[in-house]
Amino acid sequence: MGCFGNAIWFICCGFWQGLSWAVAGILWSITIIGIPIGRQCFKLASLAFFPFGKEIRYGGNTFSLIANIFWMLFSGIPLAIAALVNGLLLCCTIIGIPFGLQCFKIAKLALSPFGASIIYC
């Protein structure tokens, strides 16, 4: 389902979710202190654009914890809510359930993106 799923995903809601991650990355990159957070946003925007065939592994260190706290306060909650609403709307139909599950994966990632790594399957 990788290529076909990614194509349909991009048309239905992937463009908007990826764009929101990219905008968050641009806003974080305005200051020098926020550049590491902005770089992570750009990495995760690629996942939001095309999530099929990718898995996420969580882990981290002290910097990841501190960055996740700042992230959640300023950007994480709105991105998580948007992905959660998209997921709930997509799960209303049987055909949309795989796409809704991808939204839920992105919503979880939106709450703690630092220390997470993308694994290509």
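A single hydrophobic cluster is not seen to contain both L19 and I26; linkage of ILVMFWY side chains at heavy-atom distances under 4.5 Å, directly or through other members, places them apart. Hydrophobic cluster membership is shared by L109 and I118, with clusters built from Ile, Leu, Val, Met, Phe, Trp and Tyr side chains linked at under 4.5 angstrom.
Through ILVMFWY side-chain contacts below 4.5 Å, I35 is grouped with nothing and stands alone.
Rounded to the nearest 0.5 Å, atoms CD1 (I66) and CD1 (I37) are 10.5 Å apart. Interatomic distance, S20 OG to I106 CD1, rounded to the nearest 0.5 Å: 9.0 Å. Taken to the nearest 0.5 Å, the OH atom of Y58 stands 10.0 Å off from the CG atom of N68. From I8, atom CD1 reaches atom SG of C3 across 10.5 Å, with rounding to the nearest 0.5 Å.
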In a table with atom names and distances, give each donor-acceptor pair under 3.5 Å that connects a side chain of residues 72-100 to protein atoms at least two apart or in another chain.
residue : atom : partner : partner atom : Å
S75     : OG   : W28     : NE1          : 2.8
T93     : OG1  : G96     : N            : 3.2

Would you tabulate the side-chain donor-acceptor contacts of residues 38-56 under 3.5 Å, counting partners in other chains and residues two or more places apart, or write 'none'?
residue : atom : partner : partner atom : Å
Q40     : NE2  : P113    : O            : 3.0
S46     : OG   : K43     : O            : 2.6
K54     : NZ   : F50     : O            : 3.0

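Every pair passing side-chain hydrogen bond (donor to acceptor under 3.5 Å, both in side chains) that includes a residue from residues 105-121 is listed here, sequence neighbours excluded: Q102-K105.
In plain terms, the two heavy atoms of A24 and W71 that are nearest each other are CB-CH2, 4.1 Å.
Residues meeting the ring pair (Phe, Tyr, Trp, His ring centres under 6.0 Å) test with W9, sequence neighbours left out: none. F70 pairs by the ring pair (Phe, Tyr, Trp, His ring centres under 6.0 Å) definition with nothing, not counting sequence neighbours.
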